[in-house]
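Every chain is numbered from 1 and lettered A, B, ... according to where its sequence line falls, protein lines coming before strand lines.
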Number of protein chains: 2
Amino acid sequence: MAITIAASSETDYVEGMPRKTDARARAIATAERLFRIQGYTATGLTQIIEESGAPKGSFYFHFPRGKAQLAEEAIDQYVAARIAVLRNISAGTAGDALNFVQQIFRTFAAEMVASDFQYGCLMQNLANELPALDAELTKRVARGFVDSTEIVAEHFRGCGFTPARASSTAAALVAALEGARTIARLERTPAIFEALAEVGVQRWAAAER
Amino acid sequence: MAITIAASSETDYVEGMPRKTDARARAIATAERLFRIQGYTATGLTQIIEESGAPKGSFYFHFPRGKAQLAEEAIDQYVAARIAVLRNISAGTAGDALNFVQQIFRTFAAEMVASDFQYGCLMQNLANELPALDAELTKRVARGFVDSTEIVAEHFRGCGFTPARASSTAAALVAALEGARTIARLERTPAIFEALAEVGVQRWAAAER
DNA sequence: CCCTTTCTATGGTGATCGCCATAGTATGGC
DNA sequence: GCCATACTATGGCGATCACCATAGAAAGGG
């Protein structure tokens, strides 16, 4: 998969020597972490370089287009991971809409607890600083939401939902998840995820069929 | 209400001359607008002062504690306005949960369309930059969510919901609203609000009784 | 051996950040 | 007329911002 990531990057080294260090990958991972905690503008390159332990001198060798490119690669990685998680849950709850939804809430809540409620959603953080983003980065953020929603909608269709209902339910679920992240960070409690789960149970218990 | 705002501010001038200009109020309004569009860190004091037309020299006269104080007053104003809107909708749909929810979605969607999808939620934007905020500001953001949610929960209790169900439903609604804002900004479409409305209709049409 | 390629080090660019000290004008109360 | 208060203007503080130019080390391929 390292090949896939390198191919999605725009800096494709035309058949050169193999990478010697992991400084590049560590910079991306650190950027993803800090962008999620602090936001895009509030995170300086200095901090990213320091915390990733990467050498200061080679940053623009690895990322010729600077901070924007770093953010692009970070979000590609983030979206890929998020989609993998959703696919995984979907596969484990095939045909069962309620279980699927509950499992998603549980997983996201657990992730927040694990980070002591420090991590936000990278897509959301970037979306809240749109004027600071160039067109390419904005496009990737938007695509991240579209792709995430599509995974969810696909599952609902597999549960017998009409395509229209699957889409709107998926969109609503994704929106609720994003909002829940924000609120959970402030309250430092997974309570909001439990509230969403309860509402979901009521919904399906009464409306399903 | 000007007195209320001045009293909530920490810089209470002990019985001096009345205000002579509206530079202070304009600075707060401009800060609210820019923080909603660009975020907190990404918005510089220079820009706020310029766009508000306020004189550069008197900023720290009006806001001795600087940017943090400006943000506190901006969010107080934002939360107060938001609560007023919610109360208003609640009063107009007393006893009718479905209508209440639909009206909220419509109102928020219209607000986003009116701003050409540029405005985010101030509370959410600040919540995504928590490490840059001091304790006081963080507290006010968190309180904004609690208070908003309570207004909604109160309405649901007025519709015969049990307190527990009213609370969880209100929390879920607020979360969905926040997420919808983020997504609408990216898609530049009120579609997500309509999706939420549809899901709400299905929910009540089948579960309510 | 040399050359290409990968990667690092140093040091600085100009711009902007939030903040503040100093000084000055305007205006109403007394 | 005097003085306190309300407000503005100027200029610069040190720090940090993203970015880059120059130089060179390390290492595998020919």
Side-chain angles (χ1 to χ4, degrees), chain A residues 2 6 9 11-28 30-31 34-35 38-74 126 129 131-134 136-137, chain B residues 2 6 9 11-28 30-31 34-35 38-74 126 129 131-134 136-137:
Chain A
S9 151
T11 316
D12 20 24
Y13 305 97
V14 275
E15 289 302 319
M17 300 168 95
R19 281 275 136 58
K20 276 186 293 192
T21 74
D22 62 343
R24 205 185 122 95
R26 273 186 294 121
I28 297 173
T30 304
L34 291 176
F35 289 161
Q38 301 175 336
Y40 180 69
T41 310
T43 303
L45 288 179
T46 310
Q47 189 186 6
I48 296 173
I49 290 168
E50 267 178 10
E51 295 201 13
S52 72
K56 306 108 191 8
S58 55
F59 179 79
Y60 284 91
F61 168 79
H62 292 296
F63 306 96
R65 295 200 345 279
K67 197 183 184 182
Q69 181 182 355
L70 184 58
E72 286 169 23
E73 309 212 18
L126 292 177
E129 300 181 70
L133 274 42
D134 59 31
E136 177 61 31
L137 192 44
Chain B
S9 148
T11 316
D12 22 22
Y13 305 96
V14 274
E15 288 303 316
M17 301 168 99
R19 280 276 134 59
K20 275 186 292 189
T21 74
D22 60 344
R24 204 185 124 93
R26 273 186 293 122
I28 297 173
T30 304
L34 291 176
F35 289 161
Q38 303 175 334
Y40 180 68
T41 311
T43 302
L45 287 179
T46 311
Q47 189 187 6
I48 295 174
I49 291 168
E50 268 177 11
E51 294 201 15
S52 72
K56 305 114 192 6
S58 54
F59 179 79
Y60 284 91
F61 168 79
H62 292 296
F63 306 96
R65 296 201 345 277
K67 196 183 186 183
Q69 181 182 355
L70 184 57
E72 286 170 23
E73 309 212 17
L126 292 177
E129 301 181 69
L133 275 42
D134 58 31
E136 177 60 30
L137 192 44

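At least one side-chain nitrogen or oxygen of Ser58(A) sits closer than 4.0 Å to the OP1 or OP2 atom of dT8(C). Side-chain N/O atoms of Tyr60(B) include one lying less than 4.0 angstrom from OP1 or OP2 on dC19(C). An OP1 or OP2 oxygen of dT8(C) is reached within less than 4.0 angstrom by a side-chain nitrogen or oxygen of His62(A). At dA9(C), none of the side-chain N or O atoms of Lys56(A) fall inside 4.0 Å of OP1 or OP2 (strictly under the cut-off).
One finds the CG atom of Leu133(B) at 9.5 Å from the NZ atom of Lys67(B) (value rounded to the nearest 0.5 Å). Note that the CZ atom of Phe35(B) and the OG1 atom of Thr30(B) stand 10.5 Å from one another [nearest 0.5 Å].
Rounded to a whole Å, the CZ atom of Phe61(A) is 5 Å from the P atom of dC7(C). Remark: C1' of dC19(C) and CZ of Arg65(B) are 14 Å apart, rounded to the nearest angstrom. In this structure, CZ of Arg24(A) is placed 12 Å from P of dT8(C), rounded to the nearest angstrom. Going from atom CZ of Phe59(B) over to atom P of dG12(D) covers 21 Å, rounded to whole Å.
Taking every heavy atom of residues 38-53 of chain A and every atom of DNA chain C, no pair lies under 4.0 Å.
Among the nucleotides dG18(C), dT8(D), dA9(C), the one closest to the side chain of Pro55(B) is dT8(D).
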